[in-house]
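Every chain is numbered from 1, with letters handed out A, B, ... down the list of sequences. Heavy atoms only: backbone and side chains are in, while hydrogens, waters and symmetry mates are out.
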Amino acid sequence: MPGWSVLELLRNKPEELKEHVRKRLMDPSLVDEAYRLDVEWRKLLTTVNELRHKHNVITRNIAKAASSEERAKLIREAKRLLAELEGLERKLKEVERERERVLLSLPNLVDPDVPVGGEDDSLPIEFWGRPRVWEGHLEAFREQTEKYGFKVDYEVIGWRPRGHADMLEEVLKLGDTLKAGEVAGSRFYYLFDDLVWLDLALLLYAIDYMTSKGYTLVLPPYMLRYKVISRVIDLDTFKDAIYEVAGEDLYLIATAEHPLAALYYNEEIYDEELPIKLVGVSPCFRKEAGAGNRDLKGIFRVHQFHKVEQFIFSMPEDSRKLHEEIIGNAKELFRGLGLPYRVVNIASGDLGACAVKKYDLEVWMPAQGKYREMVSASNCTDWQAYRLNIRYVRRKGMEKGYVHTLNSTAIASTRTITAILENFQEPDGTVIIPKALRPYLEMFKKAPKEVIEPRQKRPA
RNA sequence: GCCGGGGUGCCCGAGCGGUCCAAGGGGACGGGCUGGAGACCCGUUGCCCCGCAAGGGGCGCGCGGGUUCGAAUCCCGCCCCCGGCGCCA
């Protein structure tokens with residue numbers, strides 16, 4: 001038995017697998033194609049194996065042949081079989097490649113808890129904090145809270161906060177996306193002084209929290225080979241996000257999730273080692289090819305940022321519970337910062353191929369009048385593990401299977417900075433630094449301590 | 001980057017064209033023995049396919065090709081590790 005949940009369902013109940021694919025708003029004929037190729041592959045393999053067996057029997061006899069005549073006769077026979085095999089072997093390889101291509105293009109199953117539908121069907125399940133809502137955004141705010149049956153306490157403000165991009169460029173004058181655009185392209189940025197300290201402090205804050213929860217701190221490779229990265233993510237993500245190094249078989253990671261998942265590539269892990277909880281720190285490089293003109297201003301959606309990432313390898317029976325744990329960690333981190341958020345159970349059509357279930361943590365952005373994604377926590381079950389060939393071994397009975405993998409943002413630097421700039425902004429443009437970050441600023445002589453103040457001039 | 005040495009199953013390690021459908025040891029797992037543990041004995045311990053099962057078969061010696069009736073063993077390309085030289089934050 002294959003052991004990969006998707007392949008098992010494909011072989012035993014293809015119609016059920018189609019249901020999962022349909023929920024994702026994908027074309028279920030993909031399942032028919034996979035089914036057909038799998039059957040054809042197995043049939044061909046059986047035929048080829050039989051012929052190979054015949055050939056092996058003859059070959060073994062050649063060594064023991066008594067006379068040179070018998071030998072010559074057997075060699076003739078073996079050659080005849082080889083000729084017969086040649087075409088079949090070629091066909092087998094062809095089908096095998098096709099089967100593999102289609103199998104690897106299948107998305108994961110969909111967890112029964114996931115709301116079915118497209119983007120608009122994603123379901124907020126929890127709210128925290130007391131958002132500041134500009135009076136002009138009151139209706140939009142209700143659309144994002146009360147519509148889902150939640151009564152969220154909020155503070156109405158009469159002045160409209162400046163958007164994070166304006167704060168960056170005009171009020172604090174601590175960012176330059178125009179010059180970065182000229183020398184690197186749009187969606188790049190220069191940050192200066194206090195915002196750089198803030199970036200670093202956010203990372204340290206998340207690292208400190210995660211490691212104190214027992215997660216192992218990891219600084220991973222920032223590039224991976226094609227054969228590895230293509231097995232961590234799906235093809236769409238690859239096309240939309242991944243930068244390639246010219247002339248080399250190397251690809252820049254879009255998140256530490258990629259090298260962390262690859263840490264046990266082609267390995268077996270004994271059950272007593274699981275769960276393995278990791279926290280990676282890395283820059284993230286993203287093409288944002290599918291984003292169009294969305295969030296073009298500022299540093300909300302950029303080609304490069306820093307992120308602290310949670311990653312877990314677990315036994316299958318533990319992954320649901322651990323999924324709650326990692327989103328729980330993210331919630332606690334954002335509560336620590338004092339940023340008002342909601343948690344959204346992402347609808348099936350918007351899941352991404354790897355995940356059976358995904359929670360986003362979205363922070364209220366007072367200038368935009370919207371909750372925006374800061375964290376994404378996915379349970380990938382055995383989808384990545386199958387592709388990366390990472391198995392568990394249950395000591396009792398030495399049973400083997402694919403591990404489950406989970407990942408979640410802890411803190412993504414630039415996005416969280418945008419949330420801080422909008423949420424802790426005073427009417428005069430001063431930004432109050434969350435108390436939780438101060439320990440990570442105190443140790444530096446030049447770092448800001450309590451506030452970041454508006455400036456007349458860019459520092460450089 | 002150049003020169004030299006090397007990569008064998010979970011680990012160690014033999015093999016260097018057919019006696020290898022990979023020896024031997026260790027570990028792990030299952031069972032026997034035991035009041036219990038240890039020691040000891042037997043079995044299992046890569047992946048895949050067919051089969052309800054018993055069982056049968058194929059592939060596998062870093063990866064990919066090739067030579068041959070037959071490749072861990074020979075040839076070509078690539079990757080990685082160790083040592084030396086060079087370069088370097």
Side-chain angles (χ1 to χ4, degrees), chain A residues 1-8 10-13 34-104 219-231 245 247-251 259 262-274 276 283 313 315 382 385-403:
Chain A
M1 255 296 122
W4 177 35
S5 54
V6 174
L7 185 53
E8 264 168 28
L10 175 72
R11 285 189 179 170
N12 302 324
K13 295 170 182 167
Y35 186 85
R36 187 180 57 73
L37 280 164
D38 185 51
V39 169
E40 190 184 354
W41 173 73
R42 285 189 285 165
K43 228 158 102 194
L44 244 147
L45 184 63
T46 305
T47 313
V48 167
N49 279 347
E50 277 163 10
L51 277 174
R52 280 175 180 164
H53 176 60
K54 278 192 201 164
H55 180 258
N56 284 344
V57 169
I58 295 169
T59 287
R60 261 172 242 147
N61 283 334
I62 291 172
K64 302 180 211 145
S67 65
S68 59
E69 274 140 66
E70 199 190 329
R71 210 181 160 84
K73 192 183 134 232
L74 286 171
I75 288 176
R76 239 178 294 128
E77 218 173 306
K79 279 187 173 168
R80 209 206 71 233
L81 264 175
L82 278 182
E84 199 179 327
L85 252 169
E86 204 187 295
L88 279 169
E89 296 244 17
R90 214 187 356 256
K91 177 82 182 148
L92 178 67
K93 232 177 225 178
E94 216 173 278
V95 173
E96 211 158 42
R97 253 196 295 270
E98 268 300 284
R99 183 188 96 113
E100 169 130 320
R101 184 186 63 76
V102 174
L103 282 187
L104 292 179
L219 195 142
Y222 300 161
M223 302 174 209
L224 295 170
R225 292 182 203 286
Y226 178 78
K227 70 171 180 194
V228 175
I229 200 162
S230 64
R231 281 166 182 263
V245 178
E248 307 244 9
D249 176 24
L250 285 173
Y251 297 81
L263 182 59
Y264 288 89
Y265 180 56
N266 279 334
E267 294 202 31
E268 287 176 352
I269 311 173
Y270 283 104
D271 57 353
E272 70 261 22
E273 318 264 335
L274 294 167
I276 295 171
F313 296 96
M315 291 297 284
D382 59 359
Y386 170 74
R387 298 160 75 95
L388 290 164
N389 191 29
I390 304 174
R391 292 160 188 264
Y392 66 81
V393 181
R394 223 183 273 279
R395 194 63 84 166
K396 203 161 186 120
M398 298 297 275
E399 178 227 351
K400 284 181 189 179
Y402 292 102
V403 300

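- The side chain of A:Lys227 contributes no N or O atom lying less than 4.0 Å from OP1 or OP2 of B:G62.
- When rounded to the nearest whole Å, the span between CG of A:Asn266 and C1' of B:C79 equals 14 Å.
- A side chain to side chain contact (heavy atoms under 4.5 Å, CB included) with A:Trp41 is found for exactly one of A:Arg99, A:Arg36, A:Arg97, namely A:Arg99.
- Paired with A:Glu98 under the rule side chain to side chain contact (heavy atoms under 4.5 Å, CB included), one option of A:Glu100, A:Arg101, A:Glu96 passes, and it is A:Arg101.
- Between A:Arg42 and B:C50 there is a side-chain N or O to OP1 or OP2 distance below 4.0 Å.
- Going from the C1' atom of B:G5 to that of B:G66 covers 26 Å, rounded to whole Å.
- In this structure, A:Glu86 places its CD atom 15 Å from P of B:G65, rounding to the nearest Å.
- The heavy-atom pair separating A:Glu40 from A:Val95 by the smallest distance is OE2-CG2, 3.7 Å.
- Atom name P, nucleotides B:G62 and B:G15: the rounded distance is 15 Å, in whole Å.
- The two residues A:Leu388 and A:Ala262 come nearest to each other via the heavy atoms CD1-N, 4.4 Å.
- Using a 4.5 Å cut-off on side-chain heavy atoms (C-beta onward), A:Tyr392 and A:Asp271 make no contact.
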Give me the distances for all protein-to-nucleotides 6-13 of chain B N/O pairs that come in under 3.5 Å?
none

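- Comparing B:C47, B:A28, B:G65 by their closest approach to the side chain of A:Arg391 singles out B:C47.
- In this structure the side chain of A:Leu224 never reaches within 4.5 angstrom of the side chain of A:Tyr251, judged on heavy atoms.
- As rounded to the nearest Å, B:G32 and B:A37 have C1' atoms that lie 16 Å from one another.
- Residue A:Glu100 contributes atom CD, which lies 13 Å from atom C1' of B:C48 at whole-angstrom precision.
- Under 4.0 angstrom from either OP1 or OP2 of B:C80 there lies at least one side-chain N or O belonging to A:Arg225.
- Atom C1' of nucleotide B:G58 and atom NZ of A:Lys93 are separated by 15 Å, given to the nearest angstrom.
- Straight-line distance from the NZ atom of A:Lys43 to the C1' atom of B:G51: 17 Å, rounded to whole Å.
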Point to revise | Strand RNA chain B as a dot-bracket string - pairs counted if Watson-Crick or G-U with both distances under 3.5 Å, | where the partner lies in another strand | key: ((((((((.[[[..)..(.....]]]((((((.......))))))(((((....)))))..[[[[[..)....]]]]])))))))....
Produce the list of close N/O pairs, under 3.5 Å, pairing protein atoms with atoms of nucleotides 67-71 of chain B; give distances to one decimal.
from	atom 1	to	atom 2	distance (Å)
B:C69	OP1	A:Lys79	NZ	3.2
B:C69	O2'	A:His55	NE2	3.1
B:C69	O2'	A:Thr59	OG1	3.3

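- Rounded to whole Å, the separation between the P atoms of B:C87 and B:C47 comes to 48 Å.
- Residues that satisfy the side-chain hydrogen bond (donor to acceptor under 3.5 Å, both in side chains) test with A:Glu267, not counting sequence neighbours, are absent from this structure.
- Pairs engaging residues 79-91 of chain A under the side-chain hydrogen bond (donor to acceptor under 3.5 Å, both in side chains) rule: A:Arg52-A:Glu89 [sequence neighbours left out].
- Across all their heavy atoms, A:Tyr386 and A:Leu103 have their closest contact at OH-CD1, 4.2 Å.
- Atom CG in A:Leu7 sits roughly 15 Å away from atom P in B:C47 (whole-Å rounding).
- Distance noted for atom C1' between B:G46 and B:A22: 12 Å (whole Å).
- A donor-acceptor pair is defined here as one N or O able to donate and one able to accept, closer than 3.5 Å; such a pair exists between the side chain of A:Arg231 and the backbone of A:Arg387.
- Each of A:Lys54 and A:Asp38 was assigned the nucleotide of RNA chain B with the nearest heavy atom; the assignment lying further toward the 5' end belongs to A:Asp38.
- Separating the CH2 atom of A:Trp41 from the P atom of B:G58 is a distance of 16 Å, rounded to the nearest angstrom.
- B:C50 atom C1' lies 15 Å from atom CG of A:Leu92, rounded to whole Å.
- Straight-line distance between the C1' atoms of B:U68 and B:C75: roughly 12 Å, to the nearest whole Å.
- With rounding to the nearest 0.5 angstrom, the CG atom of A:Leu82 is 9.0 Å from the CD1 atom of A:Ile58.
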Close N/O contacts between protein and nucleotides 54-57 of chain B (under 3.5 Å):
from	atom 1	to	atom 2	distance (Å)
B:G57	O3'	A:His53	ND1	2.7

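- Residue A:Tyr402 comes nearest to A:Ala385 through the heavy atom pair CD2-O, 3.6 Å, listed as atom of the first residue, atom of the second, then distance.
- Across every non-hydrogen atom of A:Arg391 and A:Val403, the tightest pair is C-CG1, 3.7 Å.
- Ring planes of A:Tyr264 and A:Phe313: perpendicular class, angle over 60° (limits at 30 and 60°).
- Each of A:Thr46 and A:Met398 has a nearest nucleotide on RNA chain B; the 5'-most of these lies closest to A:Met398.
- Between A:Met223 and A:Ile229 there is no side-chain heavy-atom pair separated by less than 4.5 Å.
- Remark: the separation of the P atoms in B:U67 and B:C50 is 30 Å, to the nearest Å.
- Here the side chains of A:Val39 and A:Arg42 are in contact, with some heavy-atom distance below 4.5 Å.
- Between the C1' atoms of B:A28 and B:G18, the separation comes to 35 Å (whole Å).
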